[in-house]
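Reading through the structure tokens given below for one structure.
A note on names: the letters A, B, ... follow the listed sequences, proteins ahead of strands, and every chain is numbered from 1. Computed over heavy atoms, backbone and side chain alike; hydrogens, waters and symmetry mates excluded.
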Protein chains: 2
Amino acid sequence: MLTDRQLLILQVIIDDFIRSGQPVGSRTLSKKEEITFSSATIRNEMADLEELGYIEKTHVSSGRVPSEKGYRYYVDHLLSPQRLTHEDIAKIKSIFAERIYELEKVVQKSAQILSDLTNYTSIVLGPAVKDNKLKQIQIIPLNKETAVAIIVTDTGHVENRVITIPASINPSDLEKMVNILNERLIGVPLVDLKDKIYKEVANVLRAHIRNYDSMLKTISDTLDLQPAEKMFFGGKTNMLSQPEFNDIEKVRSIMTVIEQEKDFYNLLRKHNKQGIQVTIGKENQLRGMENCSLITATYSVGEKQLGTIAVLGPTRMEYSRVITILNRVASDLSTVLTQWYQNN
Amino acid sequence: MLTDRQLLILQVIIDDFIRSGQPVGSRTLSKKEEITFSSATIRNEMADLEELGYIEKTHVSSGRVPSEKGYRYYVDHLLSPQRLTHEDIAKIKSIFAERIYELEKVVQKSAQILSDLTNYTSIVLGPAVKDNKLKQIQIIPLNKETAVAIIVTDTGHVENRVITIPASINPSDLEKMVNILNERLIGVPLVDLKDKIYKEVANVLRAHIRNYDSMLKTISDTLDLQPAEKMFFGGKTNMLSQPEFNDIEKVRSIMTVIEQEKDFYNLLRKHNKQGIQVTIGKENQLRGMENCSLITATYSVGEKQLGTIAVLGPTRMEYSRVITILNRVASDLSTVLTQWYQNN
DNA sequence: GTTAGCACTCATAGACATCGAGTGCTAAAT
DNA sequence: ATTTAGCACTCGATGTCTATGAGTGCTAAC
């Protein structure tokens, strides 16, 4: 196990490196207030810390740099709690300043503020729509063959899709069918719609509508769209300001990861544990994220977890500050959203 | 005016520079097939071309590089027509392969294919919704205070917004009002809605609904949302592969322009002349686009111009190829969309 | 156990030489 | 009157060398 002195040294090294971005040497360390012993002692301790894998040298006679293991230990045990300034808090509050009742806009604004506050890239995974409950189905004919199907959920989310209407269905049938669907399906979570249609609604339709089967297929396909949570980004270009990304290749690799939304989305989806989750460097399975750390938190309405907010930065990230900010934003977001949407 | 020989030299210089990205010297030129005279002659001609401002040196004894004036002349007079390969054409056709009737998806796919084909960044300005005609208005109550207002247009586009309902309005009033709105407003272009409401619908409402004024305000505000055309991007990271952007600062400036969507959107809006429009380097008024060229074309349904497709690349762009591709995509897009939507 | 001292390492930066692609100019060739 | 060969010159790029200095590990003294 590490001695107290080793822990102190590890902490100071990481703190200093996060601040400066430069390898930290024994002399620099010995000048710090917290450090009461000489550079030679530090050198000995650093040699041990290196042997244990917590720090690394960039070359034989360079100062030390935290390894991923070092960051991991730091994040798990050595974080010094941060206090947010009044400005920071004001900015966070400003997410909810305008009484915008649209979830998406609040979420988008959160992403923007988050990147503002941290100077890193932020990602917010919008509310999962699939658990929303159906409020209303509408089918609005556009012309003979096509119509717009609209689904409204209890949170006010609207999904829509253009569908083609089988020629065998006439307008009055269509209307009748929509009525039946609404009677039977309101309150059902979107994710269960398709199931419910085949199990419970199909035979009702059969009783009332000619050629119901051609339509049934169309409808169930339409309702089957499991809309993915939208991703909102903030400060995509902030990465470019980080000194570790002065190499164009590194920029490209990380930018490509971000733009390649699908994989990144799946990665975020996995980060759905309550509380703060930190993955450092190669812990991120995604190719191209080796030099990055990802910190995530979740937000919810009442007990129901809604989505994820995240900050992406270099492994040399201000973990303390970012974690504090994420915690705060997540909790404020949850509080406000619960207030708005709880009583439906 | 330029002599034929000067034009030839200018063209070959620009062609070669676009291909290689390297300053072109007299010796390199003299080895080209098209060039029958010696390097010394070329040097004399190049000195003249430089004096006239069509080409520049990067330093005293370097080869020549096209100036913006040179590119401008090249684009206006020297483009050698390109033929698209079968693969290129197949890719363009693939935009319409799946019978996706949703305009937005087609447009998004166009952006992706466009960046695929060119290796630059593409931007497609989605169909302008404001000229669409109203097909139906719906207001769906969510709970006591809020409701979703939904507007469907004749092209199948759906706009929605959460609104708060004044306490003084009861559900049956709401329904009555929606009916009135639909009776009076169907077929009206979205852009004219607000006007029409105040001029023609307000007094009808007054006759039928108590407290109509508190609701009128809400409604007209809602309908007033002039939804901006959406921008779809393709290949945002393609810029990073361009050798002229190996400087992180240049990358940052251009990325910031793109991410800062608003200004860029306004810029694109101005590019609404029929046909191909090319702006080179500083001709682009936007700060940060000095090293870029933008090529745009428009697409339409029937006679009605719908939106803009664009390719953004370094000033050293393959103008010929990009223009050919843009022309093709724009015309295919127009043809297909006209086919789909003409007969409404 | 701690620290002073010292030899050693290596990235970084500046000075300097070399190379080569390119130029402009002049004088000869066409 | 053009065109071209020849030549001196420029300057970015590349490579070598040398100092500098921040850093290390190790040893011996405290």
Calculate the interatomic distance between A:Ile55 atom CD1 and D:dG25 atom P; express it in whole Å.
9 Å

So which nucleotide from C:dG24, D:dG25, D:dT4 ends up closest to the side chain of A:Ala47?
D:dG25

Quick one: is the NZ or CZ of B:Lys262 closer than 6.0 Å to the six-membered ring centre of B:Tyr265, and within 45° of its axis?
no

Check whether any side-chain nitrogen or oxygen of B:Thr41 sits under 4.0 Å from OP1 or OP2 of D:dT4, and answer yes or no.
yes

If you look at every strand shown and take non-hydrogen atoms under 4.0 Å, does B:Ser39 touch a base, only sugar-phosphate, or nothing?
nothing

No-H, no-angle donor-acceptor pair, B:Arg27 side chain to C:dG22 base, under 3.5 Å
no

Rounded off to whole Å, could you give me the CD-to-C1' distance for the B:Glu45 and D:dT4 pair?
13 Å

For B:Glu244 and B:Lys250, run salt bridge (Lys or Arg N to Asp or Glu O under 4.0 Å): C-alpha distance rounded to whole Å, both residues' side-chain angles, the deciding distance at 0.1 Å, then the answer.
CA-CA 8 Å; B:Glu244 29 268 284; B:Lys250 289 204 185 115; over 6 Å; no

What contact category does B:Ser62 fall into here, base, sugar-phosphate, or nothing, at under 4.0 angstrom with non-hydrogen atoms?
sugar-phosphate

If each of B:Val60 and B:Arg5 is mapped to the nucleotide of DNA chain D with the nearest heavy atom, which maps nearer the 5' terminus, i.e. the 5' end?
B:Arg5

Whole angstrom value for the distance that separates P of D:dT10 from NZ of B:Lys57:
13 Å

Could you tell me how far apart B:Asn44 (CG) and D:dT2 (P) are, to the nearest whole angstrom?
12 Å

With a 3.5 Å cut-off and just heavy-atom distances, do the side chain of A:Ser61 and the base of C:dT9 make a donor-acceptor pair?
yes

Look at the side-chain N and O atoms of B:Thr28 and state whether any lies under 4.0 Å from the OP1 or OP2 oxygen of C:dA21.
no

Mind calculating the distance between CZ (B:Phe17) and C1' (C:dA21) to the nearest angstrom?
16 Å

Do B:Thr237 and B:Leu240 have side chains that approach each other closer than 4.5 Å (heavy atoms only, starting at C-beta)?
yes

Strictly distance-based, threshold 3.5 Å: is any side-chain N or O of A:Asp76 a donor or acceptor partner for the main-chain N or O of A:Tyr73?
no

Is the B:Tyr319 to B:Tyr71 ring centre distance short of 6.0 Å?
yes

Among the candidates C:dT3, D:dT4, D:dC11, find the nucleotide nearest to the side-chain atoms of B:Ala40.
D:dT4

To the nearest angstrom, the CZ-C1' distance between A:Arg43 and C:dA4 comes to 9 Å

From C:dT3, D:dT4, C:dT23, nucleotide with atom closest to A:Phe37 side chain:
C:dT3

Specify the separation, in whole Å, of atom CD of A:Gln6 and atom P of C:dT2.
11 Å

Take the protein atom CD1 of A:Ile42 and the nucleotide atom C1' of C:dA4, then report the distance between them rounded to whole Å.
14 Å

